[in-house]
Amino acid sequence: IHRGIAELAYSLHPDVVIRTGDNVDSGGTLSQWNYFFAIERPVLSSSFVLSAVGNHEYVGDAAASNYFDLLALPPGPAGTEQFYSFRYNNTLFVALDTELSPNDDPNDPNDQYTQLVNALDAANQPGSGILWKVVFFHRPAYSSGYHGADADVLAIRNAWAPIFSAAGVDVVLSGHDHDYEHLLADGVHYLVIGGAGTALRDFTRPALAQTIYRDGALYHLVVFDADDAELSVTPYAVDGSPVPDAFSLGAP
């Protein structure tokens, strides 16, 4: 499945590939990283591939050292790659680490909460050239999947969702739940895109009021096309067929 996803991604010639964590099952097992890179080689050779760190990167590797050593990621505050932001043309991307506390730490001016606020504030300044804002991290802020009622999910929602809404974030990408779900909350589109290789988990809980579309039996990727007039979002199944949840946003 993972190889099929990687081949589909390569065939679409993306400029940037975003991964929402759990690139491998056990971050401390180097042989799994060897398989990961063998499968991802075509995409890695032709696109910028950027990731947020997931909980499985820390399995067997308390510092996720394999993840940080093997992936070339933009440095964030104080040189950390746990959370960072970058601009590609007219789009701002912000990566966060949901294994850290989502709340503001008044004793740390470089905590990710502060960096999130600062990055979005800068993007919203006149003349920034930023039209689209995308945030990505591993554990979801909204989900009706297996982890949807977890305490850490609720903490992430309480800490970050008001910031996303106030700053006009367009799309938030997450994984962790092994399914596809599209939710709309306070003007922000949340996509849980956790079906790129591991075993899927079908939904056993009712959809949330914010849920627009969900599929618990779908291996998938999502394609974004951004220009100065429109951001279009199209999910595809691993066989290349479009999923009936495409949408587009007009430029602010």
Side-chain angles (χ1 to χ4, degrees), residues 16-24 27-28 33 36 47-59 61-88 91-125 128 130 132-143 147 150-177 188-194 224:
V16 179
V17 173
I18 298 298
R19 301 184 60 86
T20 57
D22 284 5
N23 297 278
V24 297
W33 287 106
F36 170 82
S47 306
F48 294 108
V49 179
L50 295 155
S51 179
V53 64
N55 58 300
H56 278 266
E57 269 79 37
Y58 290 96
V59 172
D61 187 357
S65 55
N66 281 337
Y67 171 87
F68 292 111
D69 288 346
L70 295 172
L71 296 180
L73 301 171
T80 180
E81 295 177 349
Q82 288 178 279
F83 47 94
Y84 57 87
S85 61
F86 67 98
R87 173 181 176 170
Y88 189 80
T91 304
L92 174 74
F93 296 89
V94 181
L96 301 173
D97 182 353
T98 51
E99 302 312 294
L100 300 174
S101 170
N103 295 301
D104 184 24
D105 182 353
N107 298 314
D108 181 4
N110 290 323
D111 76 329
Q112 64 177 343
Y113 181 100
T114 301
Q115 295 306 312
L116 168 65
V117 171
N118 290 346
L120 294 175
D121 282 349
N124 285 330
Q125 294 303 308
S128 73
I130 299 295
W132 311 107
K133 296 178 285 291
V134 177
V135 182
F136 63 104
F137 46 83
H138 183 61
R139 299 176 188 262
Y142 288 90
S143 170
H147 292 289
D150 290 357
D152 50 14
V153 168
L154 299 178
I156 291 164
R157 182 188 309 170
N158 291 336
W160 292 345
I163 298 173
F164 300 153
S165 180
V169 169
D170 298 290
V171 181
V172 174
L173 306 173
S174 302
H176 200 46
D177 273 329
V188 181
H189 292 268
Y190 291 83
L191 296 179
V192 180
I193 47 174
F224 295 81

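Quick note: residue numbers are just sequence positions, from 1.
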Just one of Gln112, Gln115, His138 clears the side chain to side chain contact (heavy atoms under 4.5 Å, CB included) bar with Leu96, so which one? Gln112

Locate the shortest heavy-atom distance separating Ser51 from Asn23; write the atom from each residue and the value. OG-ND2, 3.2 Å

Hey, what do you get for OG (Ser143) to CG (Asp177), rounding to the nearest 0.5 Å? 3.5 Å

Does the side-chain contact (heavy atoms from CB on, under 4.5 Å) test come out yes or no for Tyr67 and Tyr58, once each step is laid out? CA-CA 8 Å; Tyr67 171 87; Tyr58 290 96; over 6 Å; no

Could you check whether any side-chain heavy atom of Phe83 comes within less than 4.5 Å of a side-chain heavy atom of Leu116, counting everything from C-beta outward? no

Is there a side-chain contact between Leu120 and Leu92, using heavy atoms and a 4.5 Å cut-off? yes

Leu173 CG to Ile193 CD1 distance, which is reported to the nearest 0.5 Å: 4.5 Å

Check whether any side-chain heavy atom of Val171 lies under 4.5 Å from a side-chain heavy atom of Trp132, and answer yes or no. no

Is there side-chain contact between Asp22 and Glu57, with heavy atoms separated by less than 4.5 Å? yes

Over all heavy atoms of both residues, which pair between Val94 and Ala119 is shortest? Give the atoms and the distance, please. CG2-CB, 4.2 Å

Inter-residue atom distance Asn55.CG - Asp97.CG, 0.5 Å rounding: 10.0 Å

Using only atom types and a distance under 3.5 Å, with no angle test, would you say the side chain of Asp105 pairs donor to acceptor with the backbone of Asp111? no

Only counting residues at least two apart or in another chain, list the ones meeting side-chain contact (heavy atoms from CB on, under 4.5 Å) with Ser101. Asn103

Residue set satisfying side-chain contact (heavy atoms from CB on, under 4.5 Å) with Ala72, at least two apart, ordered chain then number -> none

I'd like to know if the side chain of Asp104 reaches the main chain of Tyr113, judged simply by a donor and an acceptor atom lying under 3.5 Å from each other, with no hydrogens or angles considered. no

Mind checking the CG-CZ spacing from Asp170 to Phe224? Nearest 0.5 Å is all I need. 10.0 Å

Test item: side-chain donor near acceptor, Ser65 and Asp61, under 3.5 Å: yes

How about Phe137 and Trp160: are their ring centres within less than 6.0 Å of each other? yes

Identify the two heavy atoms, one from Ser128 and one from Ala122, that lie closest to each other, and give their separation to 0.1 Å. CB-O, 3.6 Å

For Pro102 and Ala159 the tightest heavy-atom approach is O-CB, 3.6 Å

Testing the basics here: between Val192 and Pro140, what is the closest heavy-atom pair and its distance to 0.1 Å? CG2-CB, 4.0 Å

How long is the span from the OH atom in Tyr84 to the CG atom in Leu50, to the nearest 0.5 Å? 4.5 Å

Could you tell me if the side chain of Thr98 sits less than 4.5 Å from the side chain of Asp152, heavy atoms only? no

Distance in Å, Asp150 CG paired with His176 NE2, rounded so as to fall on 0.5 Å steps: 6.0 Å

Classify the ring geometry of Phe86 against Phe136: parallel below 30°, tilted from 30° to 60°, perpendicular beyond 60°. perpendicular

Are more than 12 heavy atoms from other residues, nucleotides or ligands located less than 6.0 Å from atom CZ of Phe48? no

